[in-house]
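Scroll down for the structure; my scribbles are underneath it.
So that the names make sense, note that chain A is the first sequence line, chain B the second, and so on, each numbered from 1.
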Amino acid sequence: MTSSAPVPTLIAPSIRTRVSGSFGIQSIRSAIGFTDGPTCSARGRGSRTASRPVMMNGAATRGRARVSMGRMTRYMPATMRLKRGRMGTMCGRYATTRARQELLDEFQVQVDAAGGEIQPDYNVAPTKQVPAVLARAPKDAPDGEEAVRQLRTLRWGLVPSWAKDLSIGSRMINARAETVHEKPSYRRAFAKRRCLLPADGYFEWYVLQQSDDPAEGEKKAKRKPQKQPFFIRPKDGAVMAMAGLYELWKPRDDEDADWLWTCTVITTDAPDDLGRIHDRMPMVVRPDQWDAWLDPGLTDPDEVRGLLVPAMAGTMDAYPVSKAVNSVKNNGPELIEPASDGDNSGNHSGALF
DNA sequence: CCAGACGTTGTT
DNA sequence: GTCTGG
DNA sequence: CCAGACGTTGTT
DNA sequence: GTCTGG
């Protein structure tokens, strides 16, 4: 019976941050979100507790932040821009398991340019190679040559052409649909290098906290927040053609090196049913828009933006899965199986929808 | 002019 | 590469 | 997205 | 805490 199990509730990230180890004041200021302002030369070993003002609508409330360090307390004006840690969720993991031939057929690919094998991947993470569909004129073709629709594998995490090394790619895994046309890192690719990234569905992690157990009485035992992975996929089982951009990059110091092909996933608002638990999702391109989306000759940002339509409510399934997906070392169909009773220490007792 | 960023997620 | 901030 | 590391000195 | 690697 799961009816007596504590009900999980969605909580926001803590506004109190505890840091331990050897830190300077800069670390603490960073921990509480200040990226600018007065500095202090104090250093030391031990643990600190820092608190910061609550942020609403992207701006800090008025007031002061207190940073206590043993007997010393520093106050700082709370007027600086706040920077959050990587506590949120986005499209950072997905599954793509269609076989090569299925992809070639489904997307009416003209040229199979994907070297090597295309293996089902139930745990795609940033920096991995992913199958992609794109349209591009042949390498040595004269101007005006027709673009050819091709299947390739790309590295997830877009590396802009100006990057000194490819490490920036792991931070360029998503592009917001609302701003992608104007961001320096993306707009060139948005105009000329769009692609489709086939997916079965994507993962997202809820931050869960069990409600207080009355049996514990006055003891306010603070439980560690737990993250529960969910898999989200189209109800009809159709392939998700995620809107993507690709880029070609070559190290500056090695003209003979091969071009590195990289990509990013465009995100958009999630419809209400999904938005109750998570307000962003990958942008999906409808089949009747695939041709236009892939057309490298369509470069007007307004026209391209017109192809991007947020998903309709009620079209996706979302259900909890095993925490095995947390580790990129795990891979297999079991990662997208609904979590069974007993999985994850009973964090969740069933589907939300 | 040069230096430095170039991105996303979240909202008690 | 190109834009913003100082 | 999560997991896991997170540094320096010197140089037989 | 922040950053990198997968």
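Between the CG atom of A:Asn174 and the C1' atom of D:dC2 there is a distance of 14 Å, given to the nearest Å. One can place CZ of A:Arg188 at 13 Å from C1' of C:dC3, the figure rounded to the nearest angstrom. The OH atom of A:Tyr202 sits 14 Å away from the C1' atom of B:dT9 (whole-angstrom rounding). Per the geometry, NZ belonging to A:Lys128 stands 17 Å off P belonging to E:dG5, to the nearest Å. Taking atom OH on A:Tyr186 and atom P on B:dA5, their separation rounds to 17 Å, with Å as the unit. Atom CG in A:Asn123 sits about 14 Å away from atom P in E:dG6, given to the nearest Å. When rounded to the nearest whole Å, the span between CD1 of A:Ile168 and C1' of E:dG5 equals 16 Å. In this structure, the CZ atom of A:Arg93 is 16 Å from the C1' atom of B:dT8, given to the nearest Å.
Closest contact between the side chain of A:Lys227 and the listed nucleotides D:dG4, D:dC2, B:dC6 involves D:dC2. Distance from the side chain of A:Pro184 is smallest to B:dG7 among E:dG5, B:dG7, B:dT8. Listed nucleotides B:dT8, C:dG1, E:dG6 differ in distance to A:Thr267; the shortest reach to its side chain belongs to B:dT8. When distances are taken from the side chain of A:Arg187 to each of C:dT2, E:dG6, B:dT8, the shortest belongs to C:dT2. Closest to the side chain of A:Met172, out of E:dG5, B:dG10, B:dG7, is B:dG7. Of the candidates E:dG5, B:dT9, E:dG6, B:dT9 carries the atom nearest the A:Arg280 side chain, counting heavy atoms from C-beta on. Comparing B:dT8, C:dT2, D:dA3 by their nearest atom to the side chain of A:Ala175 picks out B:dT8. Distances from the side chain of A:Arg171 to the nucleotides B:dG7, E:dG6, E:dG5 place B:dG7 closest. Checked against D:dG4, B:dG10, B:dT8, the side chain of A:Thr179 finds its nearest nucleotide in B:dT8.
Rounded to whole Å, the P atom of D:dT8 lies 16 Å from the corresponding atom of E:dG5. The C1' atoms of C:dG1 and B:dT9 are separated by 27 Å, rounded to the nearest whole Å. Separating the P atom of D:dC2 from that of B:dG10 is a span of 12 Å, rounded to the nearest Å. For B:dA3 and E:dG6, the C1' atoms lie 33 Å apart once the distance is rounded to whole Å.
Between the side chain of A:Asn174 and the backbone N or O of A:Ile266 there is no donor-acceptor pair closer than 3.5 Å. No donor-acceptor distance shorter than 3.5 angstrom exists from the side chain of A:Tyr122 to the backbone of A:Val325, with no hydrogens or angles considered. Put simply, the side chain of A:Asp121 never gets that close to the backbone of A:Val130: no donor and acceptor are under 3.5 Å apart. Between the side chain of A:Asp317 and the backbone N or O of A:Arg233 there is no donor-acceptor pair closer than 3.5 Å.
Cation-pi contact between A:Arg155 and A:Trp261: absent, since separation from the ring centre below 6.0 Å together with deviation from the ring axis within 45° is not met. A cation-pi arrangement is not found for A:Lys227 relative to A:Trp205, the charged atom failing to lie both closer than 6.0 Å to the ring centre and inside a 45° cone about the ring normal.
Using a 4.0 Å heavy-atom criterion, one finds that A:Pro160 contacts no nucleic acid atom at all. At a threshold of 4.0 angstrom between heavy atoms, the contacts of A:Ile173 include nucleobase atoms, whether or not backbone atoms are also involved. Counting any heavy atom pair closer than 4.0 Å across all strands shown, A:Arg155 reaches no nucleic acid atom. Looking at heavy-atom distances under 4.0 Å, A:Thr127 makes contact with a base.
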Anything under 3.5 Å between a donor and an acceptor, one on a side chain of residues 299-306 of chain A, the other on a protein residue two or more places apart or in another chain? List them.
{"from": "A:Asp300", "atom 1": "OD2", "to": "A:Glu303", "atom 2": "N", "distance (Å)": "3.1"}
{"from": "A:Arg305", "atom 1": "NH1", "to": "A:His181", "atom 2": "ND1", "distance (Å)": "3.2"}

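Taking a centre distance below 5.5 Å and an interplanar angle below 30 degrees as the stacking criterion, A:Trp162 does not stack against the six-membered base ring of C:dT2.
Looking only at side-chain heavy atoms (C-beta outward), A:Phe107 and A:Leu151 stay at 4.5 Å or farther from each other.
Relative orientation of the A:Phe203 and A:Phe231 rings is tilted, given thresholds of 30° and 60° on the angle between their planes.
Counting only Watson-Crick and G-U wobble pairs whose two key distances fall under 3.5 Å, DNA chain D forms stems of three or more stacked pairs at D:1-6 with E:1-6.
Two residues, A:Met281 and A:Lys164, neighbour DNA chain B, and the one matched to the more 5' nucleotide by heavy-atom proximity is A:Lys164.
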